[in-house]
Amino acid sequence: MEFDKRTYWNELLQGALVMGLLFVLIILISYLYGKPIEGFLLKSVIFVLQILILGFVFMRYGRRVAPLYAGHPRGFTYGNAFAFSMILSLFAGLLTGLVDVVMHHFVDPEFYRNLMETATQAQIDKMPTPPTAQQLEMMHKMQDSMSSPLALILMNGFGMMFSGGLVALVTSALLKKPASALPTTLPEE
């Protein structure tokens, strides 16, 4: 089978869309919950859910593109699987970043402003001495710059790449296959 770039990108973008939508669902559930997610158990459940989503999508779509490498002498290598997972993560992160921008700036800016104020107050409470007016102003400027549309999109994109990269270290090892072990046709849906 010859390497088909169109099929590769279709699978990659479809995987990114699925992953992005699953993470958007987590964002929406968190928003509907109505307050910052607190507590070790709830945060742990969300963390495990995110890891499972990453692993599931990498494995499902990685298996779908692996046969495209049947004609390559080395088959579907660890590097191929890892690169696929990283690019998929980037696109999924950019999608969740776009949703984050819509949520922060259009759907309920007040909710996110209150969330930022709560986080700022928690940091102030941890300080040994109260911050000066200049320090408070600097903190607010940093918050504003971090909630700009570009910053939200980039933070989500690169954050998802980081998380995805950690999971991909494992899934890529599971996905790699020598050319002789790859099917010569793509799996059916």
Side-chain angles (χ1 to χ4, degrees), residues 5-62 64-65 82-126 136-168 171 189:
K5 287 183 182 179
R6 182 182 174 108
T7 302
Y8 177 87
W9 283 100
N10 282 342
E11 294 296 332
L12 189 141
L13 293 175
Q14 185 181 22
L17 181 63
V18 167
M19 183 187 293
L21 290 176
L22 289 171
F23 276 90
V24 165
L25 186 62
I26 292 172
I27 291 170
L28 293 175
I29 290 170
S30 300
Y31 170 73
L32 293 174
Y33 183 65
K35 57 185 175 184
I37 294 174
E38 296 173 351
F40 178 76
L41 182 62
L42 188 56
K43 286 182 180 180
S44 298
V45 167
I46 290 174
F47 174 75
V48 169
L49 182 62
Q50 290 172 334
I51 298 300
L52 290 174
I53 289 170
L54 288 164
F56 168 76
V57 172
F58 291 161
M59 293 300 292
R60 174 171 168 80
Y61 289 94
R64 294 176 57 85
V65 300
F82 190 79
F84 176 81
S85 299
M86 293 301 289
I87 297 168
L88 192 150
S89 296
L90 175 63
F91 285 121
L94 294 175
L95 174 64
T96 58
L98 286 172
V99 171
D100 237 3
V101 167
V102 170
M103 295 296 289
H104 274 77
H105 293 280
F106 302 107
V107 173
D108 195 353
E110 190 62 33
F111 172 78
Y112 289 99
R113 205 173 357 254
N114 290 338
L115 199 60
M116 292 290 251
E117 286 300 322
T118 303
T120 301
Q121 191 58 48
Q123 289 300 318
I124 290 171
D125 293 344
K126 290 179 184 178
L136 279 175
E137 184 181 331
M138 188 181 306
M139 287 173 76
H140 288 292
K141 282 182 182 178
M142 278 181 40
Q143 281 180 344
D144 290 342
S145 68
M146 288 175 51
S147 63
S148 74
L150 181 62
L152 287 171
I153 291 170
L154 291 176
M155 284 189 299
N156 274 279
F158 290 115
M160 186 76 77
M161 281 182 71
F162 180 77
S163 302
L166 293 175
V167 174
T171 59
E189 289 260 343

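These figures come from a predicted structure and were not determined experimentally. Index from 1, following the sequence. Values below: all heavy atoms of this structure, side chains included; hydrogens, waters and symmetry mates excluded.
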TODO: Would you indicate whether the side-chain heavy atoms of Tyr61 and Val18 approach each other to under 4.5 Å?
DONE: yes

Task: Ser89 to Met160 - nearest heavy-atom pair and separation - done: O-CG, 3.1 Å

Open item on the list: Let me confirm one number: the CD1-CG distance from Ile26 to Leu49, rounded to the nearest 0.5 Å.
Closed with: 4.0 Å

TODO: Given side-chain contact (heavy atoms from CB on, under 4.5 Å), test Met139 with Ile124 step by step and report yes or no.
DONE: CA-CA 10 Å; Met139 287 173 76; Ile124 290 171; 4.1 Å; yes

TODO: Working to the nearest 0.5 Å, report the span between CG of Asp100 and CG of Leu94.
DONE: 12.0 Å

- [ ] To the nearest 0.5 Å, tell me how far Asn156 CG sits from Leu90 CG.
- [x] 11.0 Å

TODO: To the nearest 0.5 angstrom, please state how far the NE2 atom of His105 sits from the CG atom of Leu152.
DONE: 5.0 Å

Task: Heavy-atom pair with the smallest gap, counting every atom of Phe84 and Val65 - done: CE1-CG1, 3.7 Å

Open item on the list: Please give me the minimum heavy-atom distance between Gly20 and Ala92, naming the atom from each residue.
Closed with: N-CB, 3.8 Å

Task: Closest contact, heavy atoms only, Ser145 versus Ala151 - done: O-CB, 3.3 Å

Open item on the list: Do the side chains of Arg113 and Glu117 get close enough for a salt bridge, i.e. N-O under 4.0 angstrom?
Closed with: no

TODO: Report yes or no: do Gln121 and Asp125 form a side-chain donor-acceptor pair below 3.5 Å?
DONE: yes

Task: Gap between atom CD of Gln14 and atom CZ of Phe91 - 0.5 Å precision - done: 14.5 Å

Open item on the list: Would you compute the distance between atom CG of Leu54 and atom CG of Leu88 and round it to the nearest 0.5 angstrom?
Closed with: 9.0 Å

Open item on the list: For a quick test of reading the model, state the closest non-hydrogen atom pair linking Met161 to Met86 and the distance between them.
Closed with: O-CE, 3.4 Å

TODO: Give the minimum heavy-atom separation between Gly93 and Thr96, together with the two atoms involved.
DONE: O-OG1, 2.9 Å

Open item on the list: With a sphere of 6.0 Å drawn around CZ of Phe158, does it hold more than 12 non-hydrogen atoms of other residues, nucleotides or ligands?
Closed with: no

